[in-house]
Amino acid sequence: MPAEPVTSPAPGIDAALRSAIAELATSAAGLEVTAERVVLSPPRQAGHGDLATNVAMMFAKQAGKPPRELAEAIAAGLPELLGDRIAGVEVAGPGFLNLTLGDAYYRDGLGVVAGAGDQWGGGTAAVSEHVNVEFVSANPTGPMHIGHARNAAYGDAIARLFAFHGHRVEREYYVNDFGSQVANLGASISARARGEAVPEGGYQGEYVQELAAQIPGAADASIDELSDAGIEAMLARARDTLDRFGVHFDRYFSERTLHDGEPSPFDIALARLRESGDLEQEDGAWWLRTERRGDDKDRVVIRASGEPTYFASDLAYLLDKVARGYDRLVFVLGADHHGYIGRMRAAVEAFGGDPEGVELLTMQLVHLVEGGEQVKMSKRAGQFVTLDDLVDMVGVDAARWYLLQRSHDTAVELDVELARKESSENPVFYVQYAHARACSVLTRVGPEAAALAGSLAGDGAAALAELPVSVEPAEKALVLKLGELPEVVGQASDRRAPHRIATYALELAQTFTAFYRDCKVAGAEGEGVEAWRAALTQATATTLATSLGLLGVSAPQSMERRELDADA
RNA sequence: GCGCCCGUAGCUCAGUGGAUAGAGCGCCUGCCUCCGGAGCAGGAAGUCGGAAGUUCGAAUCUUCCCGGGCGCGCCA
């Protein structure tokens, strides 16, 4: 499947700077240095300029020259190439280049950010892939718990990231509506409907009782009828829960359909594997020879009893996906499924697909904590905290934020008390508050400033460069922070790390808050100052909304109290 | 035993080759004539689990060790 090149990646605000450095480095080092190799980073130390680069050190060895010599050569050439966009260059330490940027750099930079509007930061993927993301896929035999919540938030967030970065994405949910567990659910409902105890190994939860009450004539219905009705009802619940959580799937794939028809997709998949020699009989069972394709051991597909294993359906399902021709198949799974990667890759390879395009991402556990103690109770499931419980406790925005703010491969503790707080102690509230405050400020600026801020997607962005304003330190910091988004989105997408977006959103909110403190926007004195700051505020509001949107968290125009404080 | 993940401030965690390791919470000290004080500023706090190695430079890469989680079914 040929991947399509992205036509026009948005230029970063540092595009001119990068290419100038790359050009000078190329001639100084005597070897090809591309703009992409130039790493610009904000120095931690005050006094190290506005941006720093280590290109001289990166290429010194290869060029056979001392890093400081390369740095000096680059430093000497920069003023001519960049004019008033650069105010100073310094060679420091082992060969760092510390750059002090001119006001023109910031005016141009804000023009780039503001002109891109809500597309700022997106569309920069080097290669656009068609990606299928399968996540949640909770069995429809029970309610979704806290683990599914993290899975749902994460799967949805990486899908949003992929799409924004420039990929084509499909979200898919695999419905296990086939096999013994389904009959088990039916039998459990039947028992409850007749007022009996559920059978050994049946489903005990309160929801079974609810299903029994909700299905008409359950006491007299057959197990098969109850199985079907039960699965249907549970699936409807799952959809409602996910809908409420802001997660929408493009496709719910029914396992049952794999067994429809003659021959069924299931039969066809197994026949193909027999033909290719990957599926062989031994000791009465049929084994998929995955070990020869890199798995730890071969896997049973059909038991000696003739019963297919769970993996057999997976294979038929996998063939269906492979045949659809994606560039990449992503599976979001619980931590206990990490052992699946080997067999899944081997299976894709057996079907003629590319195992490198198969990714199994595993999630670590979530612990809910309140007042220092682990939260365990649930109104619905009896002992587990359900996804609905979580949303009831802290709301969708806080739930998604706290599930996404940490890397997927680290276990997280979610402090319910903190998540519920509506004050700046709560990061998600703080970020939303910054957005609302920016929106509020924009309603207070004068007509000229409002006109400019409102026309940034059109010719307003170009007009920014003409404003005769000198750029304040807090404004510089804010423009630079806005400028980081494309890089952050790229890394978050490539590393499947939406938590980087959360970290960025918090930093941006903090940087904006400092700007708000130091620089009055509405009614600011000086020619063009109010307009310039309004444009900066508008770009920040948009970028905050974009960042929150990637996490599935809302960006309200104004914050409203959900409840009244006793002492208010 | 083998495989994967984790070990960073009192707590929860960012940071996958750059300068003096960061954030949030908690703790301490300040700040309301001011566009949203539902806020803001400052401070104390770390042998980056340990040891060796690679490098001009390591929390980051390699190896070994120690601690914790998970997985290694003809279960789903």
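To find a chain, count down the sequence lines: A is the first, B the second, and so on, and within it residues start at 1.
Within residues 511-518 of chain A, the residues that have a heavy atom under 4.0 Å from RNA chain B are, in order of number, A:Thr513, A:Tyr516, A:Arg517. Taken residue by residue, residues 282-296 of chain A places heavy atoms nearer than 4.0 Å to RNA chain B at A:Asp283, A:Ala285, A:Trp287. Contacts between residues 298-306 of chain A and RNA chain B, defined by a heavy-atom separation below 4.0 Å, involve A:Val300, A:Arg303, A:Ala304, listed by number.
For A:Arg289, the salt bridge (charged side-chain N to carboxylate O under 4.0 Å, His left out) test picks out A:Glu280, A:Glu282, A:Asp298, with sequence neighbours left out.
Here A:Ser424 does not reach the OP1 or OP2 of B:A38: none of its side-chain N or O atoms lies under 4.0 Å away. In this structure, A:Lys297 does not reach the B:C2 phosphate: none of its side-chain N or O atoms is under 4.0 Å from OP1 or OP2. An OP1 or OP2 oxygen of B:C40 is reached within less than 4.0 angstrom by a side-chain nitrogen or oxygen of A:Tyr430.
Here the side chain of A:Gln510 is nearest to one of B:G24, B:A19, B:U55, namely B:G24.
Base orientation for B:C31: anti, the chi torsion being more than 90° from 0.
The two atoms that bring A:Arg345 and A:Pro355 nearest to each other are NE-O, 3.2 Å, heavy atoms only.
Remark: RNA chain B takes part in the stems B:1-7 with B:66-72, B:10-13 with B:22-25, B:27-31 with B:39-43, B:49-53 with B:61-65, each of 3 or more antiparallel Watson-Crick or G-U pairs, criterion distances under 3.5 Å.
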Using a cut-off of 4.0 Å between protein heavy atoms and nucleotide atoms, how would you tag nucleotides 11-17 of chain B 5' to 3' with B, S and -?
-BSSSB-

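Contact of A:Asn426 with B:A38 (side chain to base): no donor-acceptor pair of N or O atoms is detected under 3.5 Å. For A:His338 and B:G3, a side-chain-to-base donor-acceptor distance below 3.5 Å is present, hydrogens and geometry of angles not being considered.
Of the two residues near RNA chain B, A:Glu425 and A:Ala335, the one whose nearest nucleotide lies more 5' is A:Glu425. Comparing A:Leu365 and A:Phe178 along RNA chain B, the residue whose closest nucleotide (by nearest heavy atom) sits nearer the 5' end is A:Leu365.
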